[in-house]
Protein chains: 2
Amino acid sequence: MSSARRAHAAVKVTVDLAILTVREGRLQVLLIERGNEPFRGRAALPGGFLRDGEDLDAAARRELREETGLDGSALHLAQLGAFGAPGRDPRGRVVTIAYLAIAPHLPVPVPGSDASGARWEPVEASLADPDRLAFDHGDILRTAVDRARRELEYTTLATVFCGETFTMGELREIYEVVWGVPLDPRNFSRKVKKTEGFVIPSGEQRVQETGRPATLYRRGPATTLYPPMLRGADQGGEPVGAVSPAR
Amino acid sequence: MSSARRAHAAVKVTVDLAILTVREGRLQVLLIERGNEPFRGRAALPGGFLRDGEDLDAAARRELREETGLDGSALHLAQLGAFGAPGRDPRGRVVTIAYLAIAPHLPVPVPGSDASGARWEPVEASLADPDRLAFDHGDILRTAVDRARRELEYTTLATVFCGETFTMGELREIYEVVWGVPLDPRNFSRKVKKTEGFVIPSGEQRVQETGRPATLYRRGPATTLYPPMLRGADQGGEPVGAVSPAR
DNA sequence: ACAAAAGTGTTGAATCTACACCCATGC
DNA sequence: GCATGGGTGTAGATTCAACACTTTTGT
């Protein structure tokens with residue numbers, strides 16, 4: 001217990017974004033290099049302070065646009081939760097609202113970026129060293145990846161990793177990369193097609209470098225998957241965000 | 001777009017709790033009657049301001065204790081997310097971090113309560129009128145109930161609704177009440193027992209008012225359920241907290 | 001022809017659902 | 001005995017996992 005105990009702590013609120021994509025066969029996250037103190041020169045998730053009169057979701061979309069040039073209305077954007085440990089920001093008491101954004105396989109590093117250097121990096125690299133990212137961004141990223149993995153099971157989230165149209169193989173690659181397990185192409189295809197509203201055939205085909213041309217699909221109207229896509233047992237992890245032992 | 005647009009909005013942070021239990025065959029939420037403005041006399045979720053140097057989770061546990069007399073370490077407590085729409089609190093800019101707490105079937109209203117009147121109320125009643133609860137607490141409660149329903153499927157959350165020991169019938173009642181669907185007692189029992197680590201027999205029995213005595217169980221070590229408990233198709237709802245159309 | 005990727009069919013194992021049936025208690 | 005809830009057995013439908021096999025392209 002610290003001694004300071006005035007009620008109504010003076011708090012600043014930031015919004016931070018874990019923007020994930022699948023590139024080069026790996027799950028990658030968009031990082032910026034911090035141009036200012038604290039943590040100057042360190043890699044960090046893009047984000048910034050909440051403005052007066054601004055909604056949280058709007059702030060997330062604005063930061064997305066300012067720092068990456070991406071259009072928030074086209075991306076999946078969902079709140080992950082609040083991170084507010086007292087010592088997480090050396091400037092003072094700062095609570096951040098973390099967001100998970102999913103980007104389709106994008107051109108490259110990112111156009112119109114505000115920050116010194118924005119780049120994609122494989123999440124394993126970012127998570128390998130707990131102090132690789134500024135603040136508690138390692139924790140946030142871990143939460144984001146967990147969430148993305150989980151949501152692939154029960155929702156159609158995987159389709160937003162893909163472009164406007166995509167092949168069954170591309171969609172399957174999303175699952176394989178995010179989950180880190182190989183899936184049977186035959187059974188995968190069958191299951192996706194059988195799940196009502198998951199994907200709809202666009203009527204066109206795409207010629208591959210090799211092999212038979214693949215049917216192109218686009219997102220269907222469904223958001224939740226029933227039955228869910230399975231990735232086998234275990235997976236561990238707390239029930240989503242449990243705080244107390246509760247056991 | 002509002003005109004005020006200084007960066008670094010001055011914000012206060014509160015913590016609000018949606019405390020759920022199953023009582024009298026219904027899913028109920030703990031409400032207090034507000035003793036101060038704004039919304040004086042209106043029903044609201046318990047909560048209060050974050051203090052200096054205090055962790056978010058610690059604040060949630062403190063409010064739980066202060067306002068309800070419950071011991072946070074014994075309850076399931078998990079963050080739901082942040083709610084921060086600009087107009088949600090007439091006192092100014094207040095972002096709240098909402099928590100979901102699950103309480104076992106408790107004695108009654110609640111001992112040692114701080115607030116004028118704390119009471120349990122069926123969630124349908126609280127949600128029937130969008131303005132029944134103060135602030136945006138209706139939204140928060142809806143999110144909490146959705147989350148609880150979802151977590152019953154994939155986690156052992158149901159056991160924390162029960163006391164230290166419980167019968168299969170009591171555990172089943174949790175599912176039936178929270179989901180609002182009847183379940184087959186025979187299949188339910190079999191499935192729970194087959195899921196490793198969900199429950200463990202305590203070796204004792206409880207004599208009922210009527211019928212054969214029931215075996216008493218206590219929580220097992222598992223936190224996630226595989227395979228999950230199923231409640232049939234649909235359910236609808238956005239993919240958990242999607243913000244943008246993303247479609 | 002051959003490699004490579006897209007797809008279809010099939011089969012055995014596991015699971016879900018529904019329900020018949022037995023067990024143990026209070027009245 | 002009989003009502004009531006706890007609990008086991010079992011059969012048919014559905015789903016899953018694994019893999020043989022066919023289709024369609026580029027080289």
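These numbers come from the heavy atoms of this one structure, side chains and all, not from hydrogens, waters or symmetry mates. Within every chain, numbering begins at 1; the chains are lettered A, B, ... in the order of the sequence lines, protein sequences first and strands thereafter.
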**Complete:** So CD of E67(B) and CG of D16(B): to nearest 0.5 Å the spacing works out to 9.0 Å
**Request:** Find the distance L225(B):CG to dC16(C):P and express it as a whole number of Å.
**Result:** 12 Å
**Asked** Using a heavy-atom distance cut-off of less than 4.0 Å, which residues of residues 195-204 of chain A contact DNA chain D?
**Response** none
**Request:** Calculate the interatomic distance between E170(A) atom CD and dA5(C) atom C1'; express it in whole Å.
**Result:** 13 Å
**Message:** Between P on dA24(C) and CE on M168(B), what's the gap in Å once rounded to a whole number?
**Reply:** 18 Å
**Message:** Run the salt bridge (charged side-chain N to carboxylate O under 4.0 Å, His left out) test against R172(B) and tell me which residues pass, sequence neighbours left out.
**Reply:** E176(B)
**Request:** Could you note down all residue pairs passing side-chain hydrogen bond (donor to acceptor under 3.5 Å, both in side chains) where residues 189-206 of chain A supplies at least one of them, sequence neighbours left out?
**Result:** E170(A)-R206(A), N187(A)-R190(A), S189(A)-K193(A)
**Spacing between L216(B) atom CG and dG6(D) atom P, to the nearest angstrom** = 12 Å
**Message:** Once side-chain hydrogen bond (donor to acceptor under 3.5 Å, both in side chains) is applied, do any residues pair with T215(A), and if so which ones, sequence neighbours excluded?
**Reply:** none
Which atoms of nucleotides 24-26 of chain D (N or O only) lie under 3.5 Å from a protein N or O atom, and what are those distances?
residue, atom, partner, partner atom, Å
dT24(D), O2, R212(A), N, 3.1

**Item:** L56(A), I19(A), L45(A) screened by side-chain contact (heavy atoms from CB on, under 4.5 Å) with Y99(A), the one that passes
**Value:** L56(A)
**Prompt:** With sequence neighbours excluded, what pairs up with F198(A) under the ring-ring contact (aromatic ring centres under 6.0 Å, His included) test?
**Reply:** none
**Request:** Please name all residues satisfying side-chain hydrogen bond (donor to acceptor under 3.5 Å, both in side chains) with E173(B), sequence neighbours left out, ordered by chain then number.
**Result:** none
**Message:** The criterion is side-chain hydrogen bond (donor to acceptor under 3.5 Å, both in side chains); which residues satisfy it with R132(B), sequence neighbours excluded?
**Reply:** E121(B)
**Prompt:** Could you give the CG-to-P distance, from L230(A) to dA14(C), as a whole number of Å?
**Reply:** 16 Å
**Message:** Go nucleotide by nucleotide along DNA chain D from the 5' end; which of P227(A) and T167(B) gets its closest nucleotide reached first?
**Reply:** T167(B)
**Prompt:** So what does R172(A) hit on the nucleic acid, given a heavy-atom distance under 4.0 Å: a base, only sugar-phosphate, or nothing?
**Reply:** sugar-phosphate
**Item:** Contacts of R212(B) that satisfy side-chain hydrogen bond (donor to acceptor under 3.5 Å, both in side chains) - sequence neighbours left out
**Value:** none
**Request:** Apply salt bridge (charged side-chain N to carboxylate O under 4.0 Å, His left out) to R186(A) and list each qualifying residue two or more places apart in sequence or on a separate chain.
**Result:** D184(A)
**Close residues, residues 181-194 of chain A, relative to DNA chain C [heavy-atom separation under 4.0 Å]** = R186(A), R190(A), K193(A)
**Message:** Going by salt bridge (charged side-chain N to carboxylate O under 4.0 Å, His left out), name the pairs with one or both residues in residues 155-167 of chain A, residues two or more places apart or in two chains.
**Reply:** E164(A)-R218(A)
